Amino acid sequence: MQQYLNEIYEEIKQTHLTGKVASYIPELQHVDPSKFGMFITDVQGNQWHIGDHLDLFSIQSISKAMTAALVFSIMDEALWLRVGKEPSGSSFNSLVQLEYEKGVPRNPLINAGAIVMADLLIDLLNDPVPDYLNFVRKLANDGSIEFDLNVFESEKKTGFRNIALANFMKSFGNIHNDVDDVLDLYFKTCSIRMSCKQLADAFLLFTNHGFHKNTGEQILTVSQTKRLNALMQTCGFYDEAGDFTYKVGLPGKSGVGGGIVAILPNKYSVAVWSPVLNAKGNSEAGMKALELLTTLSGHSIF
Ligand code: GLU
C-alpha cells in the first residue's frame, strides 16, 4: 500500500490542476490549494499515509454519510418516508427536482436530503448539536474533533440556496421544525474539521459491516451498512457518481472542502484531501488519486 501511495503522490505532484478551491462559502477560499494528503487504514489496524494527512480541513458534505448513518441507525426503514434513495443526476444544491417530487429529496447525500436528515435529528436526539458531534467523535475514536465556527458563520451568512431549499421543503410539509434551527444543525454538521486520518478511521464503520473497530459495538446492522454503501456508490458524488464509479469502483462521499472518503468492504477505508475542485464540486486530485489506487492495487468492489 505504501508503494502505491508513493506512486500516487509523485503523479499528483506533477499534475496540473485546472479547477478552483470552493469560494461560495467565503471562509473556505483561504485554504492552500497545493495541499494534498491521503490516509488508508485497514480492518486489521494497519495504516499508510502520505502528504498532509494530519491537516484538519472542512469535511462539508462528507458529513452527510455520517448523518445518514446516525438517522438510519435510529429510524431504520422509516427513514425512507422522508427521503428517496435514487441518484439525483443533478448538482449537490439543485432545487429543480424538488418541485416535481413534492419536496421529497432524491437521497440523503445531496443538500436537500441532508437538510431533511437534520430536521429528523432535531426530533431524534436529546441535544442535537453536541450529540451529533459526539457521534462523529465516537466513529473516529477521537474526542478532539470540533466544529469550525468560522466556517459555520460564513455559510450561515451566505447559504441562500440552502435556505431556499429548506423553506421550499417546508412548504411541502417535509421540514417539521423551525427552518433556522434545522439549517443551524445542517451548517454545523458541514463545518466539522477533520484530518484524512480521522475520516478514514470514522469510515471503517462502513468497511466493517457496521461494527465499531475499537469497541466492537454494532452501530449499523449488516443490512443497513450494505444499504448505505449502496447509496454512497450511486449518490455520493452528485452528478459525477457515475464517473466516480467508473473510474474508482468504490463507494464513497465527497465534500466541497476537497475531501473524499471511500471504502473497500472488508478491507480498507481511504481518505484523500486536495482542495481544488472540478466543475462538479468534487476534488480534482482526490478523484485521480483514488482512481490510481484502485488501478494500481487491482482491487475495487467490481
Ligand atoms: N455545506 C455545503 C453546502 O451546503 C456542502 C456542499 C458539499 O460539500 O458538497 O453547500
Side-chain angles (χ1 to χ4, degrees), residues 19-31 56-68 83 87-98 105-119 121 129 132-133 136 147-169 175 179-180 182-194 196 199 202-203 231-232 235-241 243-244 252-262 271-284 286-287:
K20 288 197 178 73
V21 170
S23 58
Y24 76 99
I25 301 173
E27 194 62 28
L28 292 183
Q29 70 195 334
H30 307 308
V31 66
L56 300 177
F57 60 90
S58 193
I59 68 169
Q60 292 297 320
S61 282
I62 296 172
S63 61
K64 293 179 169 77
M66 295 188 276
T67 306
V83 67
S88 65
S90 43
S91 67
F92 61 92
N93 54 9
S94 169
L95 276 148
V96 191
Q97 268 163 347
L98 274 181
R106 275 286 171 108
N107 66 69
L109 302 181
I110 51 176
N111 286 14
I115 292 170
V116 170
M117 296 298 101
D119 185 49
L121 283 180
V129 171
Y132 183 83
L133 184 61
V136 173
F147 299 115
D148 182 332
L149 294 180
N150 292 329
V151 171
F152 165 73
E153 292 295 345
S154 181
E155 186 164 18
K156 195 174 153 157
K157 266 192 222 129
T158 56
F160 304 112
R161 205 165 243 276
N162 288 319
I163 295 167
L165 285 169
N167 280 294
F168 199 42
M169 291 189 289
I175 294 290
V179 164
D180 287 340
V182 173
L183 286 171
D184 266 22
L185 179 59
Y186 170 73
F187 292 144
K188 284 246 163 73
T189 64
C190 294
S191 78
I192 290 178
R193 276 155 60 84
M194 288 170 80
C196 290
L199 280 168
F203 273 60
L231 268 185
M232 283 198 272
C235 312
F237 297 82
Y238 317 116
D239 45 342
E240 203 166 35
D243 206 39
F244 187 82
K253 185 72 204 86
S254 63
V256 293
I260 302 178
V261 195
V272 58
W273 173 53
S274 163
V276 175
L277 306 181
N278 64 21
K280 308 275 186 182
N282 294 315
S283 169
E284 196 179 330
M287 297 258 302

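Quick note: numbers below take in every heavy atom, side chains included, and nothing from hydrogens, waters or symmetry partners. Predicted model, so just to flag it, every value in this text is computed and none were measured. Order of appearance sets the numbers: ligands from 1, and atoms from 1 within every ligand. If you read the sequence from its start, that first residue is 1, and numbering goes on from there.
With sequence neighbours left out, the side-chain contact (heavy atoms from CB on, under 4.5 Å) criterion links Ser254 to Phe237, Tyr238, Ile260, Asn282. With sequence neighbours excluded, the residues that form a salt bridge (charged side-chain N to carboxylate O under 4.0 Å, His left out) with Lys156 are Asp184. Residues that satisfy the side-chain contact (heavy atoms from CB on, under 4.5 Å) test with Arg193, not counting sequence neighbours, are Leu56, Asp148.
Checked by atom type, the side-chain pair Asn111/Asn162 shows a donor-acceptor distance below 3.5 Å.
Side-chain contact check for Lys64 versus Met117: every heavy-atom pair is 4.5 Å or farther apart.
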Every pair of nitrogen or oxygen atoms between ligand 1 and the protein that is under 3.5 angstrom apart - can you list them with their distances to 0.1 Å?
residue	atom	partner	partner atom	Å
ligand 1	1 (N)	Gln60	OE1	2.5
ligand 1	1 (N)	Glu155	OE1	3.0
ligand 1	1 (N)	Glu155	OE2	2.7
ligand 1	4 (O)	Asn111	ND2	3.0
ligand 1	4 (O)	Glu155	OE2	3.0
ligand 1	4 (O)	Asn162	ND2	2.8
ligand 1	4 (O)	Tyr186	OH	2.6
ligand 1	8 (O)	Ser61	N	3.0
ligand 1	8 (O)	Ser61	OG	2.8
ligand 1	8 (O)	Val256	N	2.8
ligand 1	9 (O)	Ser61	OG	2.8
ligand 1	9 (O)	Tyr238	OH	2.5
ligand 1	10 (O)	Tyr24	OH	2.6
ligand 1	10 (O)	Asn111	ND2	3.2

Criterion side-chain contact (heavy atoms from CB on, under 4.5 Å) on Val116 and Ile175, from CA distance to verdict: CA-CA 6 Å; Val116 170; Ile175 294 290; 4.2 Å; yes
